[in-house]
2 protein chains.
Amino acid sequence: MFSVPTRTQYGIRALVHLAMSEARSSTSAEIAKAQSISPKYLEGILGQLKNSGLVLSERGAHGGYRLAREPEAIRMLEVVEALEGEVKPVGCLEDSVHCDFDVGCLPRRFWSGLKETIDEYFASKTLKDVIET
Amino acid sequence: MFSVPTRTQYGIRALVHLAMSEARSSTSAEIAKAQSISPKYLEGILGQLKNSGLVLSERGAHGGYRLAREPEAIRMLEVVEALEGEVKPVGCLEDSVHCDFDVGCLPRRFWSGLKETIDEYFASKTLKDVIET
DNA sequence: GTTATTCCTATCGGAATGCTAGGAATATAG
DNA sequence: CTATATTCCTAGCATTCCGATAGGAATAAC
Ligand code: FES
Ligand code: FES
């Protein structure tokens, strides 16, 4: 249960790779090979990270990707939200949407607490924490 | 992200229903109607909860389901594991399985910490906590 | 033996996931 | 200016998973 999509796992591995080779920029193909990730698939993932402002890119020969900020300034919550959207255990956590449970929705608070717990974990970790064993 | 399958949501709603009507036993159809859950689908879910020893059942006329223990003795971790299996964010958390990341696997600890965080949340809540607002 | 119920197994449509393909845009090198 | 290296964009596809449904067998009460 709660399995993390490969998209997110790969995205994080890619960021780890970039963090380890800071300064110089790495190409998508290089990262894919080093991390055993399907090259074309990774291209799309890096695109997402770029659109979210987590990495910078340069096109053309000698192009590639590098981190937009230092690892300690990249919160993992940002990363997972960039890759898979907000953590939302159950759909009914949106405002004003309520299930039709007649006696009022008891599980709601339970799920809401779960979301907070997960969000806090992700928010408390930075990319630097991830690469430092 | 991290959306909880309806299977688990329904299972918990069913347990809540049973907890609210303790002592007397409720039929699957009755719970399904009260909770707006597909009746046949719920049958299977209750079967799982029964096989995990969380609810007791009686067959035949006047049969039905009831909690196997009091709500305060039912940890939510047991419930979610009964319904969806162990919380396992990434497959590589199993012992001795290691990804082929060449410089050693840095994200591993990150995922492991996530699993612990989620498990602790579920383990800290009982069914009684869920029904008490 | 009739009725109410749990229990078992099989199946199915639709959505999501993980991945692949092809090529356009863009930058560098020579 | 051309060849090359790279990001970027869009479409499509195979497989798996999810949520749900169907039919009926077993069992217990009355
Ligand atoms: S509002 Fe989510 S189960 Fe009720
Ligand atoms: S052991 Fe899981 S990503 Fe490496």
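Worth saying up front: this structure is predicted, and the values here are computed from it rather than measured.
The distance between atom CG of A:Leu56 and atom C1' of C:dA27, rounded to the nearest whole Å, is 16 Å. Rounded to an integer number of Å, the gap from B:Ile45 CD1 to D:dA20 P is 8 Å. One can place OH of A:Tyr41 at 6 Å from P of C:dC19, the figure rounded to the nearest angstrom. B:Met1 places its CE atom 14 Å from the C1' atom of C:dA16, with the value rounded to the nearest Å. The distance between atom CD of B:Gln48 and atom P of C:dC8, rounded to the nearest whole Å, is 12 Å. As a whole-Å value, the separation of A:Lys88 NZ from C:dA16 P is 12 Å. C:dT6 atom P lies 14 Å from atom CG of B:Asn51, rounded to whole Å. What separates CZ of A:Phe2 from P of D:dC18 is a distance of 12 Å, to the nearest Å.
Rounding to the nearest 0.5 angstrom, the gap separating the NE2 atom in A:His17 from the NZ atom in A:Lys33 is 12.0 Å. Distance check: A:Ser3 OG to B:Trp111 CH2 gives 10.5 Å after rounding to the nearest 0.5 Å.
Between B:Val16 and A:Phe110 the shortest side-chain heavy-atom distance does not fall below 4.5 Å.
Closest to the side chain of B:Ala61, out of D:dC8, D:dA29, C:dA29, is D:dA29. For A:His62, the listed nucleotide lying nearest its side chain is C:dA29; candidates were C:dT6, C:dA29, D:dT7.
Taking only side-chain nitrogens and oxygens, A:Tyr10 comes nearer than 4.0 Å to OP1 or OP2 of C:dC19. Here A:Ser57 does not reach the OP1 or OP2 of D:dT7: none of its side-chain N or O atoms lies under 4.0 Å away. Contact annotation: B:Thr27 does not reach the phosphate of C:dA4 (side-chain N/O to OP1 or OP2, under 4.0 Å). When the side-chain nitrogen and oxygen atoms of B:Thr6 are compared with OP1 and OP2 of D:dC18, none of them lie within a distance under 4.0 Å. Phosphate proximity of C:dT6 to B:Lys50: absent, as no side-chain N or O sits under 4.0 Å from OP1 or OP2.
In this structure, A:Leu42 and A:Gly60 both approach DNA chain C, and ranking their closest nucleotides by distance from the 5' end singles out A:Leu42.
Residue A:Glu58 is in sugar-phosphate contact alone, with no base atom involved, counting any heavy-atom pair closer than 4.0 Å across all strands shown. Residue A:Gly44 is out of contact with every strand shown, counting any heavy-atom pair closer than 4.0 Å.
Donor-acceptor pairing under 3.5 Å, judged by distance alone, is present between the side chain of B:Lys40 and the base of D:dG23.
In this structure a side-chain-to-backbone donor-acceptor pair under 3.5 Å is missing from A:Asn51 to A:Gln48. No donor-acceptor pair closer than 3.5 Å links the side chain of B:Glu84 to the backbone N or O of A:Met1.
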